[in-house]
Every structure is written in structure tokens, then in C-alpha cells.
2 protein chains.
Amino acid sequence: MKKISIQEVAPRDGLQNEKEYLPTESKAELINRLSAAGFDKIEVTSFVSPKAVPNLRDAEEVFRLIDRNPNIIYSALVPNERGAERALSVKVNEINLVVSASETHNRKNIKQSVEDSFNRFKEIMAMTKMEKVQINGSIGTVFGCPFEGEIQEERVLQLIEKYLDLGVNGVTLADTTGMAVPNQVFRLCERLFTYFPQLELTLHFHNTRGLGLANVAEGLRAGVTKFDASLGGIGGCPFAPGATGNICTEDLVHMLKFMGYEVRPNLDKLIETSKFLEAHLGYELPGQIMKAGIISELYPI
Amino acid sequence: MKKISIQEVAPRDGLQNEKEYLPTESKAELINRLSAAGFDKIEVTSFVSPKAVPNLRDAEEVFRLIDRNPNIIYSALVPNERGAERALSVKVNEINLVVSASETHNRKNIKQSVEDSFNRFKEIMAMTKMEKVQINGSIGTVFGCPFEGEIQEERVLQLIEKYLDLGVNGVTLADTTGMAVPNQVFRLCERLFTYFPQLELTLHFHNTRGLGLANVAEGLRAGVTKFDASLGGIGGCPFAPGATGNICTEDLVHMLKFMGYEVRPNLDKLIETSKFLEAHLGYELPGQIMKAGIISELYPI
């Protein structure tokens, strides 16, 4: 049985887009419940400007409040040196850098050019050299940009190379606004592995157009073993009102389990925690397993 | 470009599960709009007992009211001889027979054994011998039964053989309650084509657990070129309250188009018709493209 590793991103990518602010204590309880469900990695928060993402303004407090399981990597998104300082002050296990493959999207999202982003990453690498922290490099809008449209595969290859030159431990390719289609995912991942056979690659999909799990299946076929997902499927994109968010963690775990893969998170605990999150957010989450039930739960004859 | 053929099933599989009865005139308008969008086949209704499926009690009237495009096959589901008589009286282009792979599900759904179902099909084949009508044989619960659980592949192969012995034109494999996982779909379809290389095979998926389009992608890989789908994704299963229904037609067409396949239905007309259906049903439909928009619709920079 092939082992698939899942990073839970609801506390960061999910909560950042919510209308309501989830209180710090509830965030910490959510993360503790996620830790108990058994993830390999949890993206806890984002060390960005509180003005840009007010929902995550309590980043340090959340890190201080949570119980850290030594078998789980507690990661945080960091766009610049100030963010890295803050992240190091609470001893995150991983810093997740982020840049967009699309120049336009990077300027809109991070307010700087892609080149400037990489200049800042170089500073961050220097800052963290003596620290016990691993670095992941994320690339957004890899499978399409809502402003520029198609992204050339060569562009993605170049950005991966830039990250590897910096010395990151792994790279994440993100379909930021849910524009990937299945054969595109297979094609790109297959090509990547011929250039970078040892790459620690994570795929990050959004289910905006219903293709999230189809894209995961194509990633699996190409040999990818690491995926991001968000509990209950929270994390809608501001550019697509009404559309669903990240791929749903419990739906992903359910799929992988019944496809015969080995996955760490406990499905019953995930469903329970998803219902806890739903109760706190106060609306019906897009996740489907929490409504339809697990395939193996049969009805009495 | 490989051509993929889509059968629209919202007027039958979709509407049969709705809480409210859609008036006959609205059904006819829906079907006329679907015809204008350009399908290869539309499943118009079901000739079953009005007591069993009150929503489709107007089957004959619907068939009489709609405009028939000679390039479209207007199909109807028929479980027994009485249904076949009714279907022939309004000159349906295709009769869609249905049996479950699961003995228990067949007894619950059609109130008879699988053997009895095939005895009735033999009578129907005799009744239709001199008529200008094609026959499709559907098999439900192929990828799992909510009562019995796993269905053996051998069982499915045997039922296909039984249908082919009767002389049907094509066979549909249905994942009635959304229990299929991607690698299972590929494995079964690949195996089928080695036994029945000429089989006119249609796959019918439900998105109950978020895997509908992932399962389509695996069917495509195995060489399947015909799929059922339901406008707006309507058609929930009574055994999974809150779960979504059939795979959504416009989401499927969108995926196929951007994967590079040739598909007949016009995406803009589908989205328009899905909004028309949503307005008539009075609640938010599960389809995602009608909310998120088409991938190629970019935002101004």
C-alpha cells in the first residue's frame, strides 16, 4: 500500500476567506482536534499583515495556544522578512513561502513583482539558516491565472528551479482559483518528475469547478504522494462567489482509503471535527462525506 | 479530437427525486431548451407506476408536448411490459431497461428478482421487435450497493452478457448511489472492453461523495465515450439526504471541453438552462460552473 501524506490547510487557507472571525481559542481547539486526527502537516496560520488578512491577525497567539504533537509539522505561510521574523519567534516547524506563477496575480496578491518576491525569499533563507525550521516553496496560479489565463509549463519549471536554487525542502504547486483540468495535471507532473526526479512535490487544489478530486487522481497517477486539503472544503475564492473552496479533507481521505492507499488521518475523527467546524462557522460546509456518509456504511436490508 | 457523447438525464433521474412536482409545461420547456443546447440523447421521463414516482406521472403528456429534433434520441426508462406499451404509444426513440446488479436493491427498487426482471425484458424485446425503437439496458448499483456493499465484477459481466443475448443496442453501467472510486472504474471498464470490445457502453455516475467527475476521467482513460449527466447536478438519492445528485451536465461539458474533447452541447446555453431550472425548482442547484464561471472567462487586470 502506497502511503499518501496530507497537509491540512483549513486553519490558514480556509479561515482567511471566512466572513466571520473565528476566535483564537476556537482556532486552537480546531487545530488540536486536527492534530488528534493524525495529520503529517498542518498549516496553522499566515504571518501576513493583519490589514491584508484580518481573520489571521492572531497568528502568534494561535501558535502559542496549540498543543504541538512532535510527529506533526506545524507550518505557516510567510510572504516576507517581517513575516519570517514573527514565524521564527513562535518556533514554527516550517515556513511556507508563496509566489504566483502569474506576474499579474503576484502583483495583485503580494503587491510586488515575482523577482522581488524571490529577492525577499533569499533574505528569508539567510535569516533561517541557523534555525531549526524547514522551508517549503509554494507557487500559485500554476494551472491558470484568473487575470492572465494560461500559464506556460516552462514558467513553472523555471520557478521550481529558482526555489531549489534557494535550498527549499519541498515545492507546492497550487491551483489557486480552481482552473486545472485532469489531463493538464498529469502532463505537468509527469514532465516535472523527468526534470526533478527527487522533488518533494505537494499539489494544492481548489474544487471551484468540481474537479478537485479528479485532479488529485491524476496527480496520484503521475506519482505525487503529497496533497493539501481543507476540512469541510472551506476556503472559497473571492473571485468566484458561491463557488466551493479547497478540496475537502475528509472527502479526499475517503477517496484515497477506498482506492487502497494508506493515509494517516482518521476518517471518523475528521467527520466529527468537520461538524465541529460547521457548528462554529454557522453555515453548511461544502464537504460531501459528512452528508452522504462513508461508502462502507451500509443500510439495513 | 475525440468525440464524447452526453445523455441528459435531468428530466428523468433528476426530477423524479424532487420534492415539488414540476408542471408538465415546464418539463416540456426544459426539454425543448435541452434539445436546443444540442444533446445526442435526452432521457425524457420514466414509464413507471404514477404511485411509485408521482413526479413523472405525466410521461405521455410530456412526450406529446415536446418538439422532437430528428438528430436527438428521446429515451425513456421502462421497467416492465406496461411501461413499454405506454412508451411505444408515444413513439419514444429508445426504451431504457433497468435492473440492479444487487439482488437486494432490485427487489427494493423494482419489487422483483433480477431473474424476473430479465423475463420481463424478454417480453419487451418481443413487443418491440417490429417497432422503430432502440433498446438500452441499464444496470444499477454496479460499483456498490447501499444494502449489499461490494458488487463482484463477474456479476456485472454476466448481466451485460444477459442484455447482449436479448439483443440490446447498448448497455449503461450506473453508480446509483455514488459509491464508485476512480481506480475501480478504470479496472472494471478496461476488463469489460477485453470481454466485449464492441460494447456500446455508457457510464452513469452520481456525485454523492464528490467523485463523479474523477470517475468520468477514469472512464475516459479506459476508452468510454458516452456519459449520462444531469443539468445543474439535480437528482439526489433518498438514501443520502443533503448529498448532491447526478454529475452536473454543464460541469462535465466544461471539463471535457478544457481537456480537449469534442462535445456537442453548447456550454453557454447549458448554463442559461441550468439557471432556468434553478428558478423553477426554487433552490440553489449543486452545479459549480453556473457559480464559478467558465475557466476561460478572465477578470480584467
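Note that these values count all heavy atoms, side chains included, but never hydrogens, waters or copies made by symmetry. The sequence lines fix the lettering, A, B, ..., with proteins before strands; numbering per chain opens at 1.
Comparing B/Gly210, B/Pro286, B/Gly212, B/Ala217 by heavy-atom pairs within less than 4.5 Å of chain A, the highest count is held by B/Gly210. Contacts with chain B were tallied for A/Met290, A/Arg221, A/Gln184; A/Arg221 has the most, counting heavy-atom pairs under 4.5 Å. Interface check for chain B: of the options A/Cys145, A/Gly233, A/Gly149, A/Gly260, the most heavy-atom pairs under 4.5 Å are formed by A/Gly149.
The shortest distance between side-chain heavy atoms of A/Leu220 and B/Asn183 does not fall below 4.5 Å. Taking 4.5 Å as the limit, some side-chain heavy atom of B/Glu218 sits within range of a side-chain heavy atom of A/Glu218.
With a 4.5 angstrom heavy-atom cutoff, A/Ile301 touches chain B via backbone and side-chain atoms both. With a 4.5 Å cut-off on non-hydrogen atoms, B/Ile295 touches chain A through its backbone and its side chain both. Neither the backbone nor the side chain of A/Arg107 comes within contact range of chain B; no heavy atoms are under 4.5 Å apart. Proximity to chain A (any heavy atom under 4.5 Å) is shown, for B/Cys248, by neither the backbone nor the side chain. Of the atoms belonging to A/Leu252, not a single heavy atom falls under 4.5 Å from chain B. With a threshold of 4.5 angstrom between heavy atoms, B/Ile247 does not approach chain A through any atom at all. Neither the backbone nor the side chain of B/Asn215 comes within contact range of chain A; no heavy atoms are under 4.5 Å apart.
Taking a 6.0 Å sphere around CD of B/Glu153, one finds it holds more than 12 heavy atoms contributed by other residues, nucleotides or ligands. Within 6.0 Å of NZ in B/Lys275 there are 12 or fewer heavy atoms belonging to other residues, nucleotides or ligands.
Residues A/Leu298 and B/Phe147 come closest through the heavy atom pair CD1-O, 3.5 Å. Scanning both residues, B/Val181 and A/Met259, for their nearest heavy atoms gives CB-CG, 4.0 Å. Counting all heavy atoms, side chain and backbone alike, B/Pro300 lies closest to A/Lys108 at O-NZ, 4.4 Å. Shortest non-hydrogen contact noted between A/Ala292 and B/Thr208 is CB-O, 3.5 Å. Between A/Leu213 and B/Arg209, the closest heavy-atom pair is CD1-O, 4.5 Å.
Between B/Ser296 atom OG and A/Met179 atom CE the span is 8.0 Å, to the nearest 0.5 Å.
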ask   = Between B/Gln288 and A/Leu211, is a side chain to side chain contact (heavy atoms under 4.5 Å, CB included) present by the stated rule, with each step listed?
value = CA-CA 10 Å; B/Gln288 295 191 223; A/Leu211 295 175; over 6 Å; no

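With sequence neighbours excluded, the residues that form a side-chain contact (heavy atoms from CB on, under 4.5 Å) with A/Ser100 are A/His105, A/Asn106, A/Thr141.
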